[in-house]
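This report concerns only the one structure given below.
For reference, positions follow the sequence shown, starting with 1. Computed over heavy atoms, backbone and side chain alike; hydrogens, waters and symmetry mates excluded.
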Amino acid sequence: MVGQRIVRWGLAVILAAGILVAGAAAAWHLMFDMPCCIRMDIRGLEMDVETMKRIEEREKDGSLGITRIAGWRIESQKIVSAVSTGRRQTAQIIGVYGSMELVEPAHILSGRYGLAEEEDYCVLSEDLARQLFGGVEAAGLWVKAGQKKMMVAGVIEKEGNILMMPVKEGWLEQAAVEVKGRMGAEEKVEGLFGE
């Protein structure tokens with residue numbers, strides 16, 4: 001009887017220790033390893049694409065744990081037309097420098113977000129793709145926004161008529177920075193843009 005109690009207590013202690021270790025490991029991962037995205041309104045901070053490029057270049061060594069960065073601005077609405085169907089629709093244009101998926105984290109319905117190095121591509125919202133092409137399978141098709149012709153890289157699950165396209169110059173209004181770990185992430189990013 002006493003031996004069984006000792007075995008039960010021993011197992012309980014081992015189980016409790018295991019739970020504590022697992023909890024500590026999960027907390028460590030959350031605070032120091034798991035990516036965290038910080039968003040900032042950068043209007044008035046005189047941030048443009050060139051400044052974002054300099055920040056990226058300076059942080060290539062990983063000293064602040066920055067994994068990805070994006071800056072964007074809301075541009076004027078434009079008429080967007082599908083080259084293959086001739087359909088036209090007014091859409092909100094979002095000019096993006098960097099990782100588009102940081103700007104609008106959404107489920108990709110077809111294609112992909114595209115790569116920051118590509119120039120003549122765009123990402124459409126689901127609503128805009130349906131209006132222009134009759135469905136969401138629009139990756140690889142072409143659209144025109146104003147005089148600019150772009151290939152659709154992907155369609156995201158997003159309401160409203162939105163077209164995201166890369167920008168290579170100009171002012172930015174918003175920023176998103178993905179940092180490895182939550183511990184001190186906001187302070188790191190604020191310091192980055194406050195310099």
Worksheet item: Are P166 and Y121 close enough that some pair of their side-chain heavy atoms sits under 4.5 Å apart?
Response: yes
Worksheet item: Considering only heavy atoms from C-beta outward, does the side chain of V143 approach that of M151 to under 4.5 Å?
Response: no
Worksheet item: Do the side-chain N and O atoms of E50 and Y97 include a donor-acceptor pair separated by under 3.5 angstrom?
Response: no
Discussion item. Tell me the closest heavy-atom pair linking L102 and R68, and the distance in Å.
Written reply: CD2-NH2, 3.6 Å
Practice prompt. Test K78 against every option in T90, L163, I93 by the side chain to side chain contact (heavy atoms under 4.5 Å, CB included) rule and name the one that passes.
Written response: I93
Worksheet entry | Heavy-atom pair with the smallest gap, counting every atom of L172 and V49 | CD1-N, 4.0 Å
Practice prompt. Evaluate side chain to side chain contact (heavy atoms under 4.5 Å, CB included) for D41 paired with Q174, printing each intermediate quantity in order.
Written response: CA-CA 5 Å; D41 184 333; Q174 303 288 322; 3.5 Å; yes
Worksheet item: Looking only at heavy atoms, what is the nearest atom pair of A82 and F133, with distance?
Response: CB-CE2, 3.4 Å
Worksheet item: Just wondering, do D48 and E169 contact through their side chains at under 4.5 Å, heavy atoms?
Response: no
Worksheet item: Taking atom types as modelled and ignoring hydrogens, do the side chains of S110 and E137 form a donor-acceptor contact shorter than 3.5 angstrom?
Response: no
Discussion item. For a quick test of reading the model, state the closest non-hydrogen atom pair linking I156 to M164 and the distance between them.
Written reply: CD1-CE, 4.2 Å
Discussion item. Are the side chains of K158 and H107 in contact, using a 4.5 Å heavy-atom criterion?
Written reply: no
Worksheet, complete the sentence: Correct closest heavy-atom pair for V123 and M100 would be CG2-SD, 3.7 Å
Worksheet item: Would you call K149 and V83 a side-chain contact if the rule is heavy atoms closer than 4.5 Å?
Response: yes
Worksheet item: Would you find more than 12 non-hydrogen atoms of other residues, nucleotides or ligands less than 6.0 Å from R39 atom CZ?
Response: yes
Practice prompt. Quick one: closest heavy-atom pair of G95 and V167, and the distance?
Written response: CA-CG1, 3.5 Å
